[in-house]
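What you are looking at is a predicted structure, and each value in this text was computed from that prediction instead of being measured. Just so we're on the same page: letters track the sequence lines, and every chain starts at 1.
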Protein chains: 2
Amino acid sequence: MNIGAAATQTGLPVKTIRYYEEIGLVTPDRRANGYRDFSAACVEQLRLLAQARHLGFSLEECRRLLALSADEDRASRDVRALAQQNLEAVREKIASLTALEAQLEGLIAQCHGDDAPDCAILDELMGLRGD
Amino acid sequence: MNIGAAATQTGLPVKTIRYYEEIGLVTPDRRANGYRDFSAACVEQLRLLAQARHLGFSLEECRRLLALSADEDRASRDVRALAQQNLEAVREKIASLTALEAQLEGLIAQCHGDDAPDCAILDELMGLRGD
DNA sequence: ACTTTGCCTTCCAGCTACTAGAGGGCTTAC
DNA sequence: GTAAGCCCTCTAGTAGCTGGAAGGCAAAGT
């Protein structure tokens, strides 16, 4: 299968697939004319990559997921641990963004938002140290 | 004031301050020996940068905030609009991360997490298209 | 006077995860 | 034969820094 077909099959852009090969996440065969030739197994790996990236796994985590998926003797515990780790990272991001949201709301509420130049937002940003 | 002092005053790393100069966010004076010399006004700009970055503003948004803070004839409406825009971006990020969290929780719940190799997480990542 | 320490300088490289574009070759249909 | 549409590699750019090399300057100790 050509790279274009692999792209439509997986939803990944062609350039992204080439990049994944460059960093060693997938290793498609090559035909005589130099074109990449993607096996069904290779497309499945790409599909895993697309899904895992979609779920917020980093490429290094994806690399480990691929290794686990290729390992017949894996323990599902290890896969779960990776997912759990990712979940905790996601939760941390949510927590800090939520704190941010509250701070921004507070600032916005204090600012008149009219034609006058005096602005509580700028005052706080420059004057006080909110950390 | 030397860059080191400006760094401790603002909480920004020295390298970051140099970077901000490089991209034209601040323009400290220079002494005869080539050292940067930060005026009080310049340190205030750095403080604004530190705070605004902390609140999730992009550097381009920070640039506009600095321009507004320097403009005596600004309308606080414009500052507010920038903050509002940032708030909405934050909210969008929270929403998509929350969706992610739910998906991950669902996957993790389905996986036994034991010594056996069969794993619902890998199955879903490879087989189905969850998008 | 000399040395050490620590601050300052510039420049180059690298991080994540791509993305855009240049410049070219192959394949297929008309 | 040629035009369209695929494929190839290589370089450089994105955001926002961060680390390190290689060297100059300043203040303090001996």
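Look at A:Asp37 and A:Arg30 and you find no salt bridge, because none of the NZ, NE, NH1 or NH2 atoms lies under 4.0 Å from a carboxylate O. A salt bridge links A:Glu60 with A:Arg63; the closest basic N to acidic carboxylate O contact falls under 4.0 Å.
No side-chain heavy atom of B:Arg47 sits less than 4.5 Å from a side-chain heavy atom of A:Met126. Counting only heavy atoms from C-beta outward, the side chains of B:Asp118 and B:His112 approach each other to under 4.5 Å. The shortest distance between side-chain heavy atoms of A:Thr10 and A:Phe38 does not fall below 4.5 Å. Annotation: side chain of B:Arg80 is not in contact with side chain of A:Leu107 (no heavy-atom distance under 4.5 Å). A 4.5 Å side-chain heavy-atom check between B:Leu49 and B:Leu65 finds every atom pair outside the cut-off.
With rounding to whole Å, A:Glu22 atom CD is found 13 Å from D:dC8 atom P. Rounded to a whole Å, the CD1 atom of A:Ile17 is 13 Å from the P atom of D:dT9. For B:Met1 and D:dA26, the CE to C1' distance is 18 Å, given to the nearest whole Å. Rounded to whole Å, atom C1' of D:dC8 lies 12 Å from atom CG of A:Asn2.
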Given A:Glu101 and B:Lys93, is the salt bridge (Lys or Arg N to Asp or Glu O under 4.0 Å) satisfied, shown in steps? CA-CA 11 Å; A:Glu101 189 189 18; B:Lys93 274 183 215 148; over 6 Å; no
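Under the 3.5 Å distance criterion, with hydrogens and angles disregarded, a donor-acceptor pair is assigned to the side chains of A:Ser76 and B:Asp114.
Once rounded to the nearest 0.5 Å, the distance linking CG of A:Leu82 with CZ of A:Arg64 reads 5.5 Å. Here the CG-CD distance, from B:Leu55 to B:Gln51, works out to 6.0 Å after rounding to the nearest 0.5 Å.
Annotation: proximity of residues 83-100 of chain A to DNA chain C (heavy atom, distance under 4.0 Å) is found for no residue. Contacts with DNA chain C (heavy atom under 4.0 Å) in residues 24-46 of chain A: A:Asn33, A:Tyr35, listed by number.
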Given protein heavy atoms under 4.0 Å, the one-letter contact record of nucleotides 14-20 of chain D, with B base, S sugar-phosphate only and - none, is simply --BBSBB
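As judged by a 4.0 angstrom heavy-atom cut-off over every strand, B:Ile3 is placed among residues touching the sugar-phosphate backbone only.
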